[in-house]
Amino acid sequence: MHFMSALRAAWQQRDSLLCVGLDPDPARFPAHLQGRPDAVFEFCKAIVDATADLVCCFKPQIAYFAAQRAEDQLEALIAHIHVRHPGTPVVLDAKRGDIGSTAGQYAVEAFERYRADAITVNPYMGRDSVEPYLAYADKGVILLCRTSNPGGSDLQFLEVGRPGGGVEKLYERVARLVAEDWNASGNCALVVGATFPDEIARVRALTGEMPLLVPGIGAQGGDIAATVAAGRSADGTGLMINSSRAILYAGADEDFAAAARRAALDTRDAINAYR
Ligand SMILES: O=C(O)c1cc(=O)[nH]c(=O)n1[C@@H]1O[C@H](COP(=O)(O)O)[C@@H](O)[C@H]1O
């Protein structure tokens, strides 16, 4: 199924704009999982099974798996989501960016090895570096635009000359370029941090109904009400609002998955209160 169709169906059927981020840090695992060779998989599987009915997508962050030599557990986890929770899109957060020939290998890795439904990509090497992902027309390509971190302003806020006259900020150029040019197959989305609601509103204005992946609520302190007000589309969807640590580590004991479910439910409901 096309990533965008699956995402739209999940928004409607689960009445949720929440994306649970899967950033497994073994140092924060409960004691009964410590030291197990399959701890990364078992931890994430428990979170997935406890929260799947509450989310519009899951977002595993590849570095947390690779750092633990747990790529095989990432493959198994994504396969588990597809089998046990069909229709739940998986966004592989890899923030790739490289010349076209290498990007082609990253695209195979994401979509054929891991069987992700979408990938995060860094657009700052330009169109040819993104084309190998765009060529998978049924997969989502989620481009960094205005990131949630404080240093995001260092470059993304630089003023650049606008073709035809005037100036615009670099993140605005990215948003326009993606909406007006790169999105020919309708498979693009943009990353805009919840820590910058004014820019979420600006990106929404520049991109119409394009889905936005919005990390930065929870551990990074982004405001849910401001995020939803600035980013929702006309029908009250349009957002994948990510929370990772605040949900994954809501509990520290054997009942961590139940605690994660409560945190996910509270977050989903807090988001829905402002839609
Ligand atoms: O692309 C991302 O997902 C991303 C973009 C961004 O601008 N900021 C950001 O925090 N992220 C990711 O979103 C997640 C945020 O995690 P928490 O702060 O624990 O909710 C991490 O996996 C980050 O790598």
Side-chain angles (χ1 to χ4, degrees), residues 3 7 17-29 40 43-44 47-48 51 55-68 70 74 77 89-97 106 110 116-124 130 133 140-157 170-171 174-175 178 188-200 202-203 210-224 227 230-231 239-252 256 259-260 263-264 266-268 270-271:
F3 168 71
L7 179 62
L17 307 184
L18 175 65
C19 167
V20 168
L22 301 168
D23 299 9
D25 176 359
R28 303 187 70 177
F29 287 176
V40 167
F43 177 81
C44 292
I47 298 283
V48 160
T51 60
V55 306
C56 66
C57 59
F58 286 113
K59 184 179 72 69
Q61 213 314 322
I62 197 167
Y64 284 87
F65 295 83
Q68 302 301 322
L74 175 57
L77 177 66
V90 176
V91 175
L92 183 66
D93 183 9
K95 299 186 184 67
R96 298 303 194 198
Y106 280 135
D117 300 293
I119 183 174
T120 57
V121 172
N122 189 327
Y124 287 91
V130 176
Y133 309 99
V141 183
I142 307 179
L143 298 135
L144 300 180
C145 180
R146 198 322 176 209
T147 58
S148 68
N149 55 317
S153 307
D154 293 349
L155 299 174
Q156 295 155 21
F157 250 39
L170 187 55
Y171 83 91
V174 170
V178 173
C188 292
L190 291 166
V191 175
V192 192
T195 40
F196 298 104
D198 290 348
E199 282 83 64
I200 297 176
R202 181 70 186 131
V203 172
M210 181 173 286
L212 306 180
L213 171 63
V214 184
I217 64 160
Q220 296 178 54
D223 184 75
I224 291 178
T227 292
L239 297 168
M240 299 166 267
I241 303 179
N242 181 84
S243 181
S244 304
R245 288 166 292 179
I247 289 175
L248 300 179
Y249 309 113
F256 70 99
D266 289 349
T267 310
R268 183 200 67 173
I271 292 168

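Counting convention: from 1, in listed order, for ligands and their atoms alike. What you are looking at is a predicted structure, and each value in this text was computed from that prediction instead of being measured. If you read the sequence from its start, that first residue is 1, and numbering goes on from there.
Taking a cut-off of under 4.0 Å to the non-hydrogen atoms of K95, the atoms of ligand 1 that pass are 1 (O), 2 (C), 3 (O), 4 (C), 5 (C), 11 (N), 12 (C), 24 (O). Interface of T147 with ligand 1, defined as ligand atoms under 4.0 Å from a residue heavy atom, comprises 7 (O). Listed by number with element, the atoms of ligand 1 under 4.0 Å from a non-hydrogen atom of V191 are 5 (C), 7 (O). Close approach of ligand 1 to R245 (heavy-atom distance below 4.0 Å) involves ligand atoms 17 (P), 18 (O), 19 (O), 20 (O).
Using a 4.5 Å cut-off on side-chain heavy atoms (C-beta onward), V178 and C145 make no contact. Annotation: side chain of F65 is in contact with side chain of C44 (closest heavy-atom distance under 4.5 Å). Here the side chains of V121 and Y106 are not in contact, with every heavy-atom distance at 4.5 Å or above. Put simply, the side chain of I47 reaches to within 4.5 Å of the side chain of F256, judged on heavy atoms.
Note: R146 CZ to D198 CG = 10.0 Å, rounded to the nearest 0.5 Å. Taking CG from D25 and CZ from R245, the interatomic distance works out to 9.5 Å, rounded to the nearest 0.5 Å. Taking CG from L213 and CD1 from I241, the interatomic distance works out to 10.0 Å, rounded to the nearest 0.5 Å. The distance from the CD atom of Q61 to the OG1 atom of T120 is 7.0 Å, given to the nearest 0.5 Å. Here SG of C56 is found 9.5 Å from CG of N242. Values are rounded to the nearest 0.5 Å.
For atom 12 (C) of ligand 1, the closest non-hydrogen atom of the protein is K59 NZ, 3.6 Å. Of all protein heavy atoms, the one closest to atom 5 (C) of ligand 1 is P215 CG, 3.5 Å. Protein heavy atom in closest approach to atom 10 (O) of ligand 1: Q220 NE2, 2.8 Å. If you check which protein heavy atom lies closest to atom 20 (O) of ligand 1, you get S244 N, 2.9 Å. S148 OG, 2.7 Å is the protein heavy atom nearest to atom 8 (N) of ligand 1. Summary of contacts: the protein heavy atom closest to atom 21 (C) of ligand 1 is D23 OD2, 3.2 Å.
Note: no N/O pair closer than 3.5 Å links T120 and ligand 1 by distance alone. Taking distance alone, with nitrogen or oxygen atoms compared against 3.5 Å, S243 stays at or beyond that limit from ligand 1.
The shortest separation from a heavy atom of N149 to ligand 1 is not under 4.0 Å, leaving the residue out of contact.
One option in L22, I142, N242 has a heavy atom closer to atom 14 (C) of ligand 1 than any other, and that option is N242.
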